[in-house]
Q: 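One structure is given below, represented as C-alpha cells, and several questions about it will come after.
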Amino acid sequence: MELPVISNAPPALAGGCSESGCGTAPDALAHLPDHIRAKVQDHPCYSEEAHHHFARMHVAVAPACNIQCNYCNRKYDCSNESRPGVVSELMTPNQAVRKTLAVAAAIPQMTVLGIAGPGDPLANPERTFETFRQLSEQAPDIKLCVSTNGLALPDCVEELARHNIDHVTITINCVDPGIGAKIYPWIFWQNRRIRGVEAARILIEQQQKGLEMLTARGILVKVNSVMIPGINDKHLEEVSRIVKAKGAFLHNVMPLIAEAGHGTYYGLMGQREPTPLELEALQDACAGDMSMMRHCRQCRADAVGMLGEDRGAEFTLDKIETMEIDYAAAMVERAKVHREIADNLEMKRALQRAPKFDAPARRADPPASRSLRIAVASKGGGLVNEHFGHAHEFLVYEVGPSGHRFLGHRKCTPYCMGDTSCGDGETVLGQIIASLEGVEVLLASKIGFEPWADLERAGIRPSGEHAMEPIEDAIRAVYDELAAAGKLDPAPAEVAARAA
Amino acid sequence: MALEIVDSCVGCFACEPLCPNKAISAVMRPGEPLFFIHPERCTECLGDHDLPQCAEICPIEGAIVDEFGEPLNPPGSLTGIPLHLLDQFRVTECRQ
C-alpha cells in the first residue's frame, strides 16, 4: 500500500505534485489498497491517469427508467449535445455487442464497456444483462460496468456478481428524503407511481441498501452526485461521509446541467447551475472524507472513445454493418496495446517515486508565494497540444510553490469552429472568458491575436510558449517564472476581486 | 375499454414488459406512434392491478390516453412544470 508513503511525504510533496502523466496529485486513487488500485488503474472513468491513455464506450441498450429526476427530460435527443441521458441510436443487445466488438477492434486502447442509459440500466434488466452475458463470452478482456439510480439495485446485485461486473456507479444525490423530494418528482415502485417524500425515502433506502450489498461482495462502487445549488449543495458533504463509510471507493460530484433549452424541470424553472469555483469548493470540502474524482466529462449514454471525445458517429449501425473485422486478431492487438500503455505508465510511476534532486531548490522558493490557477488546452496525452480556438474544454490546475493538482475541466464552445461560425467569435469568446473564472494563465499550443488581447484585458495571461510540452512541466515552468519575477505575492486585491 | 398510445410516445420500452395482457408491442413503422396497445387485449389492468401499469410508469405526459382521448397523465402532472412554462417551451424548442 502506498498510503503511508504519500501521507508521510515531506511538505514539498504533500501539496500533491506528482509529475505523473496525468496531473492528478495526489492521485485520487493513491490511498486504495493495491488490489483495488490494480482493478481501476486502466479504467478511464475511475483513474484520472488512465483517462489520458485508455478509451471507453457506452452502449445505449437501456431506454426505460423507473424514476424521474428534475434534471432529466425523457423526450429529447439532440445529436450535437453531450450530456448524460442523451443518445442518438437505441440498440438491441445483439446490435450493442456488434458495435462494442467493432469499436474494440478499431480503438485498441478500449478497456471498458459501460451501460448507462439512456434510462436506468437496471430498469431494463433483460437487455442490460443479455448484453453483458454476450460480451463476457466474446470479449473477456473488456471490463464491464454499469451506472444506476439504485432503485432496482438490491434485486440485481446477485446477477451483477454473476456477470463478473466489478464496477458499479450509483447516482446518490441525497440521503435526506426531504431534499430528495425536491430532486425526484416520482418513482415507479411495486406497480405504482409514488411521489414526494415517500418516493424519495424509498429510493434512498434502496440506494443505501444496494451500496452496502455491493461493497459486502467486494464489487467496487463509485458514487455520482449532481450538485444542485440551493437544493443539495450543503448536504453533499454528509452524503460523501456516509457513502465512504459504507465502502464506496470514489465520489464524483458533478455540476447540474440546467439549460432552459433542454426542457427539464430545473432548466425551465430557472434553477441555476453551480459556478466552476463553487463546484471546486464543494469537491474540496468532500475530499476531506473521500477520494474525489475531478476528470468526469458527463458523457452521453452512447459515448465512444477517450473521455471528452465522442467518436460515436464513426460507429453507427449502418457503418458497422460494412466493417470487416477479425475479432481474434483484434483481441491480440488490444492485449499488446494495453500492455504497452501499462508499461509506459508503470515507468512513469517509478520515475515519480525516484528521489528528485531538484526538490530542495524548489523548497527554497519564497514560501509566501501564493498558488495560481492555470488553464491548459490539450487534445490528450498529457500535453499542451491544442489551439486555443479549437479547444472544447480547458483543463484547470492549481499550482503552488511546491506542487500542483488538477481541479477539473471547464467546457466551452470552441472560439473558432471554422468559417461558418467564426462570426459568433465575439460572444463565444465572452463565454469562454467567463468560464475561466479564477484562472490567471492560459496555455495553448497556439493563440490567435484577437483572443490574446481579450484574454489579457480579462486579466488572464495567454501563452503559446509551452506548446507540445508535458502539462506538468509547462505549468511548473510558468509558476516558477512568475514566482521568480515576484508576480505571485500573496493574494493581490485584484485577483480576490475577480474571484469574488 | 382500452388505452391508446399516441405519437408523443418516445419509445422507451418501460410499459411493454409491465402489461399483464401482453397487449403492448413496438411498431417500428415511420409515421406511427412507436408503441401500440392491442385494443382487444387491453383491460386497463382491471383484475390485475389497481392502476393501469403502462400509464403508471410512462414518463411522457399525454402519451397514453383513454377511450375518450383524455390523457391519463395530463401536462404538468409528471414533471411538475407549470403549464405556462410548458407552453413557452413548446414554442421555442428546437426541432431536429
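Fair warning: this is a prediction, and the values are worked out from it, not measured in the lab. Reminder, nothing fancy here: chain letters follow the sequence lines and each chain counts from 1.
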Q: Identify the two heavy atoms, one from A:Arg195 and one from B:Ser77, that lie closest to each other, and give their separation to 0.1 Å.
A: NH1-O, 2.7 Å
Q: Heavy atoms only: give me the nearest A:Trp186-B:Cys58 pair and the separation to one decimal.
A: CZ2-O, 4.3 Å
Q: Sort out for me which of B:Cys12, B:Pro17, B:Ala14 touches chain A most, counting heavy-atom pairs under 4.5 Å.
A: B:Cys12
Q: For a quick test of reading the model, state the closest non-hydrogen atom pair linking B:Phe89 to A:His262 and the distance between them.
A: CZ-C, 4.0 Å
Q: Chain A heavy atoms under 4.5 Å from B:Ala55: which part of the residue, side chain, backbone, both or neither?
A: backbone
Q: Could you look at B:Leu78 and say if it's the side chain, the backbone, both or neither that has a heavy atom under 4.5 Å from chain A?
A: both
Q: Is there side-chain contact between A:Met269 and B:Pro82, with at least one heavy-atom pair below 4.5 Å?
A: yes
Q: Can you tell which part of B:Asn73 gets under 4.5 Å to a heavy atom of chain A, answering side chain, backbone, both or neither?
A: side chain
Q: Counting heavy-atom pairs closer than 4.5 Å to chain A, which one of B:Leu86, B:Thr79, B:Ile57 comes out on top?
A: B:Ile57
Q: Given heavy-atom pairs under 4.5 angstrom as the criterion, report whether the side chain, backbone, both or neither of A:Ala260 touches chain B.
A: backbone
Q: Test your reading of the model: is there a side-chain donor-acceptor pair from A:Arg193 to the backbone of B:Glu56, 3.5 Å cut-off?
A: yes
Q: For the atom pair CG (A:Asn73) and CD1 (B:Ile81), what is the distance rounded to the nearest 0.5 Å?
A: 7.0 Å
Q: Tell me if the CD atom of A:Glu321 is crowded by more than 12 foreign heavy atoms within 6.0 Å.
A: yes
Q: Is the CZ atom of A:Arg133 crowded by more than 12 outside heavy atoms at less than 6.0 Å?
A: yes
Q: Locate the shortest heavy-atom distance separating A:Leu90 from B:Phe13; write the atom from each residue and the value.
A: CD2-CE1, 3.7 Å
Q: So which heavy atom on B:Leu85 is nearest to which on A:Leu268, and how close?
A: CD1-O, 3.5 Å
Q: Given heavy-atom pairs under 4.5 angstrom as the criterion, report whether the side chain, backbone, both or neither of B:Ile60 touches chain A.
A: side chain
Q: What closest approach, in Å, do B:Gly11 and A:Pro63 show between heavy atoms, and which atom pair accounts for it?
A: O-CB, 4.4 Å
